[in-house]
Protein chains: 2
Amino acid sequence: MNKEREILAAALKLFVAYGFHGTPTSKIAREAGVANGTLFHYFKTKEDLIVALYNHTKEQLNGYLLTKQDESDSLESRMKSLYAASLEWGFEHKQEFYFIQQFHFSPHLAKVSEEDKEKQSRLHTGLMKQAMEKKVFKSLPPSLIGSILGSHVYATHQYLDSADLKTEDRAKVIDETFAMLWAMITK
Amino acid sequence: MNKEREILAAALKLFVAYGFHGTPTSKIAREAGVANGTLFHYFKTKEDLIVALYNHTKEQLNGYLLTKQDESDSLESRMKSLYAASLEWGFEHKQEFYFIQQFHFSPHLAKVSEEDKEKQSRLHTGLMKQAMEKKVFKSLPPSLIGSILGSHVYATHQYLDSADLKTEDRAKVIDETFAMLWAMITK
DNA sequence: GTCTATATCTCGATAGAC
DNA sequence: GTCTATCGAGATATAGAC
């Protein structure tokens with residue numbers, strides 16, 4: 001693995017365990033097996049590293065979600081596969097998923113460029129727009145529906161993370177919670 | 001007026017704006033109008049201050065929620081008033097509400113004592129237990145239902161925070177989202 | 001309890017050899 | 001690109017007068 005990747009991987013591990021404040025760049029470098037100066041060769045500042053790790057992680061997640069999308073499916077099917085794939089990815093990448101949330105409730109969020117934000121939400125907003133056009137949702141503000149969708153994913157992830165289920169039971173929980181969610185927000 | 005309160009208020013403001021990492025104790029002291037040493041008289045370490053601020057904030061929230069509870073109400077009414085009161089408080093105390101979430105996704109959470117955690121969740125767990133006994137919820141794991149309830153509050157708060165509604169429209173959103181939530185989780 | 005002054009230390013970041 | 005060595009800043013925390 002190249003050094004940049006090693007640094008990102010080490011940063012993820014340590015940020016999740018000790019927080020941004022609790023992880024000095026020196027420890028990240030050591031964990032990554034690189035020299036202190038090397039870290040600053042790849043990332044000009046610590047904040048740059050934090051934001052880059054966020055963008056990198058979101059890219060990984062979105063890449064996975066894209067592979068699970070089938071344009072020929074119905075809107076409901078595509079929404080469900082987005083929901084299910086998010087939870088599967090989150091279950092297989094617990095640290096990454098936790099990090100995204102940690103980052104989201106931090107002032108570093110403001111440092112993500114509009115361009116990156118747009119890239120990261122394109123998939124979701126695209127489906128949302130179609131759903132609004134087809135008027136499948138209850139007449140509520142789109143941003144409220146978006147919020148509810150997103151937090152339902154987090155809630156289910158939180159449960160899946162704490163309960164230690166077999167693969168098939170996990171799939172069942174994902175199915176059921178999506179059905180509940182869908183019934184709640186559609187007409 | 002008292003210095004301890006001033007320090008907590010200043011810490012809240014700065015933590016929300018700049019994060020734990022981005023706020024030195026020196027700035028907190030200055031913002032509070034007290035000397036640097038005074039801060040360490042009340043809080044042995046910076047971490048102590050962070051945890052104390054969390055416990056203090058949760059106490060404020062729970063105190064408010066308690067005043068809105070009426071033991072003679074039906075279970076659904078009490079759940080609804082808990083839901084509505086949480087959102088009203090969150091709307092009137094945006095920084096405090098944001099801080100609770102920020103803290104929740106930080107390693108400092110581990111430093112909250114079991115005793116304090118129990119105190120802070122007593123009201124919610126009490127209602128949950130009654131609901132389970134009366135079998136009003138769908139047959140799902142209680143921790144999953146609890147997660148969904150909690151995150152629905154955050155989702156709605158997020159929307160109320162971003163949209164700038166009049167008081168009556170806000171109440172309407174709270175009513176509607178609770179009705180949706182209740183329909184989703186009950187039999 | 002509150003202040004001033006300061007000790008101690010660690011961190012983020014740089015310089016420069018290879 | 002990667003390393004070693006190190007600097008300067010600024011952080012937490014303490015000491016001691018009042």
Value in whole Å for how far the C1' atom of D:dT14 lies from NZ of B:Lys46: 18 Å
Any A:Thr25 side-chain nitrogen or oxygen under 4.0 Å from OP1 or OP2 of C:dG12: yes
B:Pro24 side chain, from C-beta outward: closest of D:dT2, D:dA11, C:dA13: D:dA11
Cation over ring face, A:Lys94 and A:Phe91, 6.0 Å, 45°: yes
Length of the line joining A:Asn36:CG and D:dG1:C1', which is rounded to integer Å: 15 Å
C:dG1 OP1/OP2 closer than 4.0 Å to side-chain N/O of B:His41: yes
Integer-rounded Å distance: D:dT14 C1' and B:Lys44 NZ: 14 Å
N or O in side chain of B:Thr38 less than 4.0 angstrom from C:dC3 OP1/OP2: yes
A:Arg5 CZ to D:dG1 C1', straight-line distance once rounded to whole Å: 17 Å
B:His108 vs B:Phe20, ring pair (Phe, Tyr, Trp, His ring centres under 6.0 Å): CA-CA, chis, key distance, verdict: CA-CA 10 Å; B:His108 304 293; B:Phe20 301 125; 5.0 Å; yes
Parallel, tilted or perpendicular, as decided by the 30° and 60° cut-offs, for the rings of A:Phe103 and A:Phe99: tilted
Side chains of A:Glu96 and A:Gln60 in contact at under 4.5 Å (non-hydrogen atoms): no
Whichever of A:Gly37 and A:His21 has its nearest DNA chain D nucleotide further upstream toward 5': A:Gly37
Protein-nucleotide distance (A:Ile28, atom CD1; C:dC11, atom P), rounded to Å: 11 Å
Short N-O contact, A:Lys3 and A:Glu6, less than 4.0 angstrom: no
Closest to the B:Tyr42 side chain, choosing from C:dG1, D:dA11, D:dA13: C:dG1
Under 4.0 angstrom between A:Lys3 side-chain N/O and D:dC3 OP1 or OP2: yes
Value in whole Å for how far the C1' atom of C:dG12 lies from CD of A:Glu47: 13 Å
d(OH, A:Tyr18; P, C:dC11) in whole Å: 13 Å
Interatomic distance, B:Leu14 CG vs D:dA11 P [rounded to whole Å]: 12 Å
Closest nucleotide among D:dA13, D:dA11, C:dC11 to the B:Thr45 side chain: D:dA13
Residue A:Ala35, side-chain heavy atoms: nucleotide from D:dA13, D:dC3, C:dA13 that is nearest: D:dC3
